[in-house]
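Accompanying notes for the structure given below.
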Amino acid sequence: MNEGYHARGLDYVYLAFKVEEKDVGKAVEAIRALGMAGANVTIPFKSKVIPFLDAIEESAKAIGAVNTIVNKKGKLVGYNTDCLGAMAALQEAGVNTRAKKAVVIGAGGASRAVCYALLKQKTRVVVFDRENGKASSLALEMRRKTGESISNYLMNNENLEWEISDADVLVNATPVGMWPKQEATPVPPGVLRKELAVFDLVYKPRFTKLLKTAKQKGCKTIFGESMLFYQGIAGFELITGKKAPLKQMKKALLKVLR
Ligand code: NAP
C-alpha cells in the first residue's frame with residue numbers, strides 16, 4: 001500500500017496493528033477517534049468487527065465478513081473486497097462465469113466471498129466441504145440472500161468426480177497446497193479436464209500442485225496471487241477515493257511474495 005500512496009503522491013501511511021480479541025471494539029473506535037482514513041481487517045476478526053461499524057455494504061453483509069473499513073466523515077462503513085478481488089482475477093484470466101457451473105472446495109471465509117461473487121454472476125455453484133454442516137449452512141444462507149442456485153456436497157472422490165465432470169470452473173478455497181505443505185492437492189488429479197478453468201486461492205506458492213497439474217492437463221489457470229492483488233487494489237481505491245497505481249502496487253506485492 002505504501003508504494004501505492006507514494007506513487008500517487010498521497011499523504012497516507014499503511015501500518016499494521018496487532019489487536020487482541022477483547023479490544024476489537026476499541027480498535028474500531030480508534031479509527032474514528034484518530035481520524036484514520038480506513039483500515040483493513042484480517043482473520044480472525046473479519047466478522048467480529050461488524051457489530052462496531054455504522055453501516056455494512058451489501059456484499060459484506062451477505063458474506064458476513066468485512067476486510068475493509070472506510071471512515072466516511074466519522075461514519076465507519078464495512079466492505080468485503082475479497083469478492084471483488086476474486087471476480088477481477090477471473091476477468092483478468094478471461095474466464096466468464098455467467099450462467100456457467102462452478103465447483104468450490106472449502107466452506108470457510110474465502111469460500112463465502114467467492115461463492116457470493118459467483119452467484120452475483122448467475123453462476124451455478126456447488127460447494128464442497130469435508131464436514132457437511134459448514135457447506136450446507138453456507139449454501140442455505142447464500143441461496144436465501146441471493147436467490148441464486150447453490151448446492152452442497154460432502155467431499156469424497158465420488159462426489160467430486162461427478163460434480164466436476166460437467167463444471168466449467170473449479171475453485172480451491174481451502175489452504176490445501178499452501179506453503180509449507182506444497183505437495184498436497186484438494187482434488188484427485190484425475191478429475192481435471194482441459195475444458196475446466198482452475199482457480200486456486202492459495203497464493204504461496206504461486207504455482208500450487210493443483211495449478212501445476214491443471215496446466216499440464218491444458219486447463220486455464222487463475223492464481224490466488226491475482227485475487228490478493230485485486231482485493232488490495234479495491235481496498236486502496238475505497239479508502240483513498242483515488243485510482244490505484246497498478247504497476248507499482250503489483251511490483252511491491254511480488255517483492256513481498258517471492
Ligand atoms: P478458513 O475460513 O479456515 O476455511 C478453510 C476451509 O478449508 C474450511 O472449509 C476447511 O474445512 C477447509 N479445509 C481446511 N483444511 C482442509 C483439508 N485438509 N482438506 C479439506 N478441506 C480443508 O480459511 P479461509 O480464510 O477461507 O482461507 C482459505 C484459503 O484461501 C487459505 O489458503 C487462504 O490463504 C486463501 N485466501 C486467499 C485469498 C486471496 O486473496 N488469494 C483471500 C482469502 C483467503 P474445515 O472447516 O473442516 O476445517
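Counting starts at 1 for both ligands and their atoms, following the listed order. In this text, all values refer to a predicted model and were calculated from it rather than measured experimentally.
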Name each donor-acceptor pair under 3.5 Å that joins a side chain in residues 35-45 to protein atoms two or more places apart or in another chain, with its distance.
| from | atom 1 | to | atom 2 | distance (Å) |
| --- | --- | --- | --- | --- |
| N40 | OD1 | Y14 | OH | 2.6 |
| N40 | ND2 | N67 | O | 3.1 |
| N40 | ND2 | T68 | OG1 | 3.1 |

Distance-only criterion, 3.5 Å: show the donor-acceptor pairs between side-chain atoms of residues 238-246 and protein atoms not counting sequence neighbours.
| from | atom 1 | to | atom 2 | distance (Å) |
| --- | --- | --- | --- | --- |
| T240 | OG1 | F236 | O | 2.8 |
| T240 | OG1 | K242 | N | 3.0 |

Can you pull every nitrogen or oxygen pair between ligand 1 and the protein closer than 3.5 angstrom?
| from | atom 1 | to | atom 2 | distance (Å) |
| --- | --- | --- | --- | --- |
| ligand 1 | 2 (O) | G109 | N | 3.1 |
| ligand 1 | 9 (O) | A107 | N | 2.8 |
| ligand 1 | 9 (O) | G108 | N | 3.4 |
| ligand 1 | 9 (O) | D129 | OD1 | 3.2 |
| ligand 1 | 11 (O) | D129 | OD1 | 3.3 |
| ligand 1 | 15 (N) | R130 | NH2 | 3.4 |
| ligand 1 | 26 (O) | G109 | N | 3.2 |
| ligand 1 | 26 (O) | A110 | N | 2.8 |
| ligand 1 | 40 (O) | L228 | N | 3.2 |
| ligand 1 | 41 (N) | L201 | O | 3.0 |
| ligand 1 | 41 (N) | G224 | O | 2.9 |
| ligand 1 | 46 (O) | K134 | NZ | 2.7 |
| ligand 1 | 47 (O) | R130 | NE | 2.9 |
| ligand 1 | 48 (O) | R130 | NH2 | 2.8 |

#### Entry: Donor-acceptor pair between E58 and Y116 side chains, under 3.5 angstrom
yes
#### Entry: Donor-acceptor pair between Y230 and Q91 side chains, under 3.5 angstrom
no
#### Entry: side-chain hydrogen bond (donor to acceptor under 3.5 Å, both in side chains) partners of R143, counting only residues at least two apart
none
### Task
Supply the atom-to-atom distance K212 NZ to K215 NZ, rounded to the nearest 0.5 angstrom.
13.5 Å
